[in-house]
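For the single chain, residues carry numbers from 1 onward in sequence order.
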Amino acid sequence: MGIFSRKSRSKSSSQASGTGSKEAQAATVTHLKTFIAGHPGCEAFIEPPTRVTQTTMVVVADTGEWTRRKVPDPVAARKLATQLGIPAFDVNLSGYPSRMREWNEAHRKGL
């Protein structure tokens with residue numbers, strides 16, 4: 001069973017979702033692997049679902065540069081972080097790292 005799979009998924013629902021879902025999952029993993037390979041000191045911050053978004057995982061590098069991708073749930077996010085070899089934190093407990101805010105501020109100003 002893959003990181004993005006769900007035990008409760010029936011055959012009809014997995015067939016209805018088609019390969020687009022699998023392609024999106026593969027694209028997410030590829031994107032995160034590429035980001036981590038090019039940015040030292042990455043950590044994952046798991047964001048809970050809201051009324052308008054599903055669970056997401058933000059990967060933040062030592063420099064503060066970051067990327068965000070959708071994940072099925074917090075358990076899948078933690079498994080993915082483990083697979084990628086980076087620590088994972090619950091953003092509701094840890095907050096975002098200051099280096100992420102500093103990077104955002106510097107790039108918002110165009111520095």
Side-chain angles (χ1 to χ4, degrees):
M1 184 179 302
I3 292 173
F4 289 96
S5 63
R6 294 189 184 245
K7 290 182 181 180
S8 62
R9 185 179 288 170
S10 67
K11 282 186 179 181
S12 61
S13 68
S14 64
Q15 289 172 348
S17 66
T19 59
S21 178
K22 289 181 182 181
E23 290 169 359
Q25 294 165 6
T28 294
V29 173
T30 300
H31 172 78
L32 293 175
K33 282 182 178 180
T34 302
F35 184 86
I36 291 166
H39 299 84
C42 287
E43 298 173 321
F45 294 85
I46 302 167
E47 301 173 316
T50 66
R51 291 182 184 211
V52 295
T53 62
Q54 70 183 64
T55 303
T56 53
M57 186 167 84
V58 178
V59 176
V60 183
D62 270 346
T63 61
E65 189 173 351
W66 58 275
T67 188
R68 175 183 286 124
R69 290 295 181 266
K70 294 179 193 176
V71 291
D73 55 50
V75 172
R78 288 197 177 279
K79 286 181 183 178
L80 180 56
T82 299
Q83 176 187 331
L84 296 171
I86 60 174
F89 304 95
D90 180 336
V91 78
N92 284 338
L93 299 175
S94 66
Y96 296 100
S98 59
R99 67 185 182 275
M100 180 181 172
R101 289 187 293 278
E102 292 162 1
W103 188 90
N104 286 339
E105 186 65 25
H107 288 81
R108 190 173 300 129
K109 291 179 180 177
L111 297 177

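Under a hydrophobic-cluster definition in which Ile, Leu, Val, Met, Phe, Trp and Tyr are linked whenever side-chain heavy atoms come within less than 4.5 Å, directly or via other members, Met57 and Val60 are assigned to different clusters.
No option in Thr56, Asp73, Thr55 other than Thr55 meets the side-chain contact (heavy atoms from CB on, under 4.5 Å) test with Ile46.
If you chain together ILVMFWY residues whose side-chain heavy atoms come under 4.5 Å of each other, Val52 ends up in a group of its own.
The structure places CG of Leu32 at 6.0 Å from CD1 of Ile36, a figure rounded to the nearest 0.5 Å. Note: Lys33 NZ to Gln83 CD = 5.5 Å, rounded to the nearest 0.5 Å.
Using a 4.5 Å heavy-atom cutoff, the side chains of Arg78 and Asp90 are in contact. In this structure the side chain of Val91 never reaches within 4.5 angstrom of the side chain of Val58, judged on heavy atoms.
When every heavy atom of Cys42 is checked against every heavy atom of Pro87, the shortest pair comes out as O-CD, 3.7 Å.
Applying the salt bridge (charged side-chain N to carboxylate O under 4.0 Å, His left out) rule to pairs touching residues 37-53 yields Glu43-Arg99, Glu47-Arg68, sequence neighbours excluded. For residues 39-61, the ring-ring contact (aromatic ring centres under 6.0 Å, His included) pairs, not counting sequence neighbours, are Phe35-His39, Phe45-Phe89.
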